[in-house]
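Since the structure is predicted, the reported quantities are computational estimates derived from the model, not experimental observations. To find a chain, count down the sequence lines: A is the first, B the second, and so on, and within it residues start at 1.
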Amino acid sequence: MSFSPLINELVESLTILPGVGRKSAQRMALQLLERNRAGGLRLSAALSRAMDGIVRCRCCQNFAESDYCPVCLTDRRDAEQVCVVETPSDLAAIESAGGFKGRYFVLMGHLSPIDGIGPDEIGLTILAKQVTEGHIKEVILATNSTVEGEATAYFIAQMLANTSALVTRIAHGIPLGGELGYIDGGTLSHAFSGRKPVSND
Amino acid sequence: MMPVKHLVSQEPAYLLHIWPYGESGVMMDAFSHRCGRIRLIAKGVKRKGNTFAPLLRPFQPLLLSWQGKGGLKNLTQVDSVMQLPGLTGDYLFSAFYLNELLQHLLQEQEPFPDLFIQYAETLSQLTERLPLEVALRRFEWRLLCELGFAPDLTRDHDGYWLRQNAIYCWHVGLGFQVASGPEATVQDRGLTAQQVHDILHLVAGRQVLENEIVEASAQLEGLRLSAALKHAKVLFRQAIDSLLQGRVLKSRELIVKFRALDTVPKTPKVSGG
């Protein structure tokens, strides 16, 4: 393609975005150059500030702009409950659902031997240290309901079994408004094995 | 000429691994009965209301349908054969080990129907929490046999029957040789003919004995069984490692780390799952 080297470089760089191939990258680059240079400059400044300024929180491993993230810094959250999630987007989902007022621990992945990810790669030793040294009373395992998520949950449960913290796993089952006839067998059997007594309180 | 459509319908298979693919799709490696290890993609499965998503889990017997003639197939249909209860703890990590072995050692699209049957059997043994080590050693043995790298457990490398009073050591590419010097004393490496024979019994599965079908390993009891398990583990690991060509199996490390956590007996506190 007969673009100048700078444009080629821009197109090439844009292809690193997920779901962006050469064609879309070229469309993005030309759009910015033709019609929205101010926006392009804003994007490049924001990108560069974010890449330099965002680090991992020392406490929960989530993205943060200083040593600790706002969730770990505030004293308005319950420091006795820690919810373990796989990714920042899982954390965002729980936050937007509301109701949980404790702190988080973000693994940034899950145990996956085929991908070469073991307990050290997802910071489990840091978690173990926090639970044994801190005042954490409950560790809520909110990893995904995939085999890797389950494996991660089992590993953490085993790792913390000798500590005083209670280890719980979030429930799996029928979605709100779900009709049983349309639900797959796996989910249904999970829902059955996790049934609870009905209380009238 | 009519264009040939490459359709495979309702093929028994297990998923070995799943990766995210694009915005809402997944890429999968599956081990199928008649087509061996294949790579599939399924677009849009993470979207709300997709019926495939809950079925796409490793270690569950599935019927997969796909089309495409290249290396990458398009998944068109998934059906669940039956819902096996989820694996837990050691058994789950061992199942990861089976998958990692198949992922690294099987050529794509090379059929291994007998190994598939063994894999299915091994998974159901893990689900039923039958003796783990026996199941794993038998699977390793079948895998090595299928790949043509199983140690000859009856003869030495010159083709003579193993002799009763000799100590043998196994070497990659050579087979059993009479151990010389310090080699024979290395723990679990130097084996007598009887010990090699016990390994054979361990992996043989069922056999006919006095007109009755019995588990060959039933003849091994107590200490002899645990010795055979230990010797088979060391021997098969040597053979598997030579096939892996320096690649480290992460699931093996994980099992070791998981067992190291398990030093003190305790009741599991995790609820649900």
Taking atom [atom1] of [X] as the centre, report whether more than 12 heavy atoms of other residues, nucleotides or ligands fall under 6.0 Å from it.
| X | atom1 | answer |
| --- | --- | --- |
| E34(A) | CD | yes |
| F149(B) | CZ | no |
| E65(A) | CD | no |
| E179(A) | CD | no |
| K43(B) | NZ | no |
| Q77(B) | CD | yes |
| E9(A) | CD | no |

Begin with the C-alpha distance, continue with both residues' side-chain angles, and end with the deciding distance and a verdict on side chain to side chain contact (heavy atoms under 4.5 Å, CB included) for D120(A) and K257(B).
-> CA-CA 10 Å; D120(A) 298 334; K257(B) 282 182 184 162; 3.3 Å; yes

Angle class for the F258(B)/F155(A) ring planes (parallel below 30°, perpendicular above 60°, tilted otherwise)?
->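 Aromatic pair F258(B)/F155(A) classed tilted.
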
Residue part contacting chain A, namely of [X], when any heavy atom lies under 4.5 Å:
| X | value |
| --- | --- |
| L92(B) | side chain |
| E253(B) | neither |
| L16(B) | backbone |
| Y97(B) | neither |
| D29(B) | neither |
| L249(B) | neither |
| S80(B) | neither |

Heavy-atom proximity to chain B below 4.5 Å, by part of [X]:
| X | result |
| --- | --- |
| A151(A) | both |
| I156(A) | neither |
| S112(A) | side chain |

Gap between atom [atom2] of [Y] and atom [atom1] of [X] - 0.5 Å precision:
| X | Y | atom1 | atom2 | value |
| --- | --- | --- | --- | --- |
| I114(A) | I18(B) | CD1 | CD1 | 10.5 Å |
| F59(B) | E150(A) | CZ | CD | 11.5 Å |
| T51(B) | I183(A) | OG1 | CD1 | 13.5 Å |
| R57(B) | T146(A) | CZ | OG1 | 7.0 Å |

Show your working on side chain to side chain contact (heavy atoms under 4.5 Å, CB included) between H17(B) and D115(A) and close with a plain yes or no.
-> CA-CA 9 Å; H17(B) 196 50; D115(A) 298 317; 2.9 Å; yes

Might you point out which heavy atoms bring K250(B) and G118(A) nearest each other, and give the distance in Å?
-> CE-N, 3.8 Å

